[in-house]
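To keep things clear, I will list the structure first and then write my remarks on it.
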There are 2 protein chains.
Amino acid sequence: MSSQQEDLTTTREIILETALKLFSKKGYLGTTTREIAKKAGTAEVTIFRHFTSKEKLFEEVINKHSFLPALQGLLPEVAEMPYTEALTVIAKRFLDTLTIRKDIIKIMHSEIQRYPEKIHKIYHAFIDEIFKTLASYFTTMQKKGILRELHSEVAARAFLGMIFSYFDAEEFLIRKKYRIDNSDTIIKEFVDIFASGTIKQ
Amino acid sequence: MSSQQEDLTTTREIILETALKLFSKKGYLGTTTREIAKKAGTAEVTIFRHFTSKEKLFEEVINKHSFLPALQGLLPEVAEMPYTEALTVIAKRFLDTLTIRKDIIKIMHSEIQRYPEKIHKIYHAFIDEIFKTLASYFTTMQKKGILRELHSEVAARAFLGMIFSYFDAEEFLIRKKYRIDNSDTIIKEFVDIFASGTIKQ
DNA sequence: TATGAATGTAAGTGCTTGCTTACATATCTG
DNA sequence: CAGATATGTAAGCAAGCACTTACATTCATA
């Protein structure tokens with residue numbers, strides 16, 4: 001569960017990372033350029049010299065952190081594993097990705113409707129890719145006779161939905177002290193339910 | 001899927017409902033008091049006469065829509081049904097509750113940083129009731145020998161998580177034209193997966 | 001009919017915010 | 001060393017914002 005490493009060498013990168021954190025924490029409107037500058041240890045005017053406007057800075061933050069290949073590379077890796085084990089790996093990888101990228105996910109999840117089409121599309125592409133990747137894994141497993149007949153894309157939504165809701169609640173809503181269990185235990189139970197709910201026989 | 005009816009008789013109520021919609025759509029900071037006034041068909045000063053400040057108006061909006069029980073009373077109704085049917089009823093009721101209250105849910109989701117204490121409290125009151133109701137149903141079903149052994153609270157999170165994520169994507173993210181299927185079909189698949197994943201044998 | 005409560009109109013105040021301008025300083029490079 | 005490049009300091013502008021004040025109007029009811 002390591003956090004994302006960024007090269008914080010140039011002023012530009014420092015500003016981008018600082019902006020990411022602040023936009024995530026306080027929202028776009030709740031963050032001022034003075035605040036970003038102060039926390040980044042630069043002069044406010046430097047931000048405008050690099051990014052022209054707050055709006056464009058925001059776009060660059062989004063562009064820099066929009067990420068696609070979240071699950072894609074994982075498919076070949078898990079294709080030969082036993083079903084339950086594969087699901088566990090997928091679940092953990094997905095949860096890890098969410099956790100590492102939680103800042104950008106928070107921005108997109110809570111402000112998406114208030115921003116231009118461009119950002120909408122990035123988020124859309126991300127979600128679509130993940131659903132379809134997992135759905136295609138399920139289809140493969142059906143052909144192998146391991147999974148029963150089901151709508152594989154709906155199944156993908158079910159599986160990822162459990163995990164996303166769990167992530168969402170843990171990261172943003174629930175106070176730590178109220179946690180039921182650690183994430184491995186919970187993932188194991190989720191996978192058990194889902195696996196025996198989708199397996200043939 | 002009817003939307004929540006409010007008495008829009010008094011000026012006060014009209015302002016509260018207008019503010020709810022706008023805060024939900026544009027966020028607290030993205031909504032101006034002028035805008036609320038205009039859309040509510042009143043003078044801006046009327047808002048301040050009623051609510052003193054924008055901040056207090058926001059609080060009243062939250063207070064007014066603090067959740068009432070969502071699943072309560074459903075247990076006895078469902079206790080004697082076949083398992084799958086019971087899950088379907090629960091899922092639909094839950095999805096209905098979310099849909100009816102989508103505005104306030106959206107506000108709580110995006111403004112949680114602004115009001116950590118209050119929103120946490122309301123959120124917990126809402127979620128706890130649902131989790132516990134469902135968990136206690138699962139426990140009962142285990143005792144009856146219908147369900148296998150599992151952590152009933154985690155199972156409740158799995159089930160509600162699928163539905164919540166589905167709701168979240170449908171309401172806030174996915175453009176209508178891209179929908180896979182209608183909600184009844186999806187709920188049926190969710191219930192199938194979950195039921196066969198939790199049933200004994 | 002007279003009074004008071006609710007609402008409207010209009011003007012304005014003080015603050016914050018994104019962004020600009022002008023000028024100074026440091027550092028690197030040819 | 002000379003010039004270019006990146007950054008800092010400081011002041012300030014124009015707009016938008018929440019909120020206020022003063023006064024007028026409507027309307028129910030005592």
Side-chain angles (χ1 to χ4, degrees), chain A residues 6-64 103 107 110-116 118-119, chain B residues 6-64 103 107 110-116 118-119:
Chain A
E6 298 294 336
D7 62 330
L8 293 176
T9 52
T10 68
T11 305
R12 189 188 168 83
E13 295 303 315
I14 294 171
I15 292 170
L16 278 169
E17 285 314 296
T18 310
L20 172 73
K21 293 283 179 203
L22 284 174
F23 286 148
S24 164
K25 188 173 170 193
K26 307 184 145 196
Y28 176 78
L29 291 174
T31 304
T32 69
T33 51
R34 294 200 218 291
E35 201 180 0
I36 297 170
K38 190 176 177 187
K39 207 170 176 190
T42 76
E44 193 186 0
V45 75
T46 303
I47 292 176
F48 292 101
R49 285 199 269 242
H50 275 287
F51 302 98
T52 309
S53 69
K54 184 186 177 185
E55 184 97 16
K56 286 188 179 160
L57 167 61
F58 183 75
E59 278 179 29
E60 289 233 31
V61 168
I62 300 283
N63 282 333
K64 188 186 169 194
D103 289 325
I107 290 175
S110 64
E111 299 208 79
I112 184 153
Q113 297 178 326
R114 295 160 199 159
Y115 285 96
K118 199 191 277 182
I119 292 165
Chain B
E6 300 293 337
D7 64 331
L8 294 174
T9 52
T10 67
T11 305
R12 187 187 170 84
E13 296 302 316
I14 293 170
I15 292 171
L16 279 169
E17 285 313 296
T18 310
L20 172 74
K21 293 283 179 202
L22 285 174
F23 286 148
S24 163
K25 188 173 170 194
K26 307 184 146 198
Y28 177 79
L29 291 174
T31 304
T32 69
T33 51
R34 292 197 223 292
E35 203 179 358
I36 297 171
K38 191 176 175 187
K39 206 169 175 192
T42 75
E44 194 185 0
V45 74
T46 304
I47 293 176
F48 292 100
R49 284 198 270 241
H50 276 287
F51 302 98
T52 308
S53 68
K54 185 186 176 185
E55 188 95 8
K56 285 189 178 158
L57 167 60
F58 181 75
E59 280 178 33
E60 291 233 31
V61 168
I62 299 268
N63 283 337
K64 189 186 169 191
D103 289 324
I107 290 175
S110 38
E111 308 293 341
I112 194 160
Q113 301 285 355
R114 176 172 316 282
Y115 275 82
K118 186 170 223 107
I119 292 181

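This structure is a prediction, so every number in the text was calculated from the model and none was measured. Sequence lines set the chain letters: A, B, ... in the order given, protein chains first and strands last, and positions in each chain run from 1. Reckoned from all heavy atoms, side chains included, excluding hydrogens, waters and symmetry mates.
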Is B:T11 near enough to C:dT7 that one of its side-chain N or O atoms lies under 4.0 angstrom from OP1 or OP2? yes
Return the residues of residues 30-42 of chain A meeting this criterion: a heavy atom under 4.0 Å from some atom of DNA chain D. Order them by number, or give none. A:G41, A:T42
Which angle, rounded to 10°, do you find between the first-five-pair axis and the last-five-pair axis of the helix from C:dT1-D:dA30 to C:dG30-D:dC1? 0°
Checking the side chain of B:K54 only, and the main-chain atoms of B:Y28 only, is there a donor and an acceptor separated by less than 3.5 Å? yes
Give me the atom names and distance for the closest heavy-atom approach of A:A43 to A:A37. C-CB, 3.9 Å
Report the distance from atom CD of A:E13 to atom P of D:dA6, rounded to the nearest whole Å. 15 Å
With side chains defined as the heavy atoms from C-beta onward, is the minimum distance between B:R12 and B:F51 less than 4.5 Å? yes
Of the nucleotides D:dA18, C:dC19, C:dT21, which one has an atom closest to the side chain of B:K54? D:dA18
At under 4.0 Å, does any side-chain N or O of B:H50 touch on OP1 or OP2 of C:dT7? yes
Under the salt bridge (charged side-chain N to carboxylate O under 4.0 Å, His left out) rule, what do A:K39 and A:E17 come out as? Steps first, then yes or no, please. CA-CA 10 Å; A:K39 207 170 176 190; A:E17 285 314 296; over 6 Å; no
Taking only side-chain N and O atoms of B:T46, does any of them lie within less than 4.0 angstrom of OP1 or OP2 on C:dG8? yes
If you look at every strand shown and take non-hydrogen atoms under 4.0 Å, does A:E44 touch a base, only sugar-phosphate, or nothing? base
Any donor-acceptor pair under 3.5 Å from A:T31 side chain to A:G27 backbone: yes
What pair of heavy atoms forms the shortest contact from B:I47 to B:T33, and how long is it? CD1-O, 3.5 Å
Give me, pair by pair, the N or O atoms of the protein and of nucleotides 24-28 of chain C that are less than 3.5 Å apart, along with how far apart they are.
none

Can you check the B:E55 CD to C:dC15 C1' distance for me, whole Å? 16 Å
Over how many whole Å does the gap from B:L57 atom CG to D:dC17 atom P extend? 16 Å
Under a 4.5 Å cut-off applied to non-hydrogen side-chain atoms, are A:L16 and A:L57 in contact? yes
Calculate the interatomic distance between A:F23 atom CZ and C:dG18 atom C1'; express it in whole Å. 12 Å
Report the relative orientation of the aromatic rings in B:F58 and B:Y115; use parallel for angles under 30°, tilted for 30 to 60°, perpendicular for over 60°. tilted
Whole angstrom value for the distance that separates P of C:dT16 from CG of B:L29: 15 Å
If you define the side chain from C-beta out and look only at heavy atoms, does anything of B:K26 sit under 4.5 Å from B:E35? yes
Is there a side-chain contact between B:T18 and B:T42 in this structure, where contact means two heavy atoms from C-beta onward sitting under 4.5 Å apart? no
Rounded to the Å, how far apart are B:F51 CZ and C:dT7 P? 10 Å
For B:F48 and D:dC17, what is the distance between atoms CZ and C1' respectively, to the nearest whole Å? 9 Å
Is the shortest distance from a Lys or Arg side-chain nitrogen in A:K64 or A:E13 to a carboxylate oxygen in the other one below 4.0 Å? yes
Any side-chain heavy-atom pair from B:F23 and B:I36 closer than 4.5 angstrom? yes
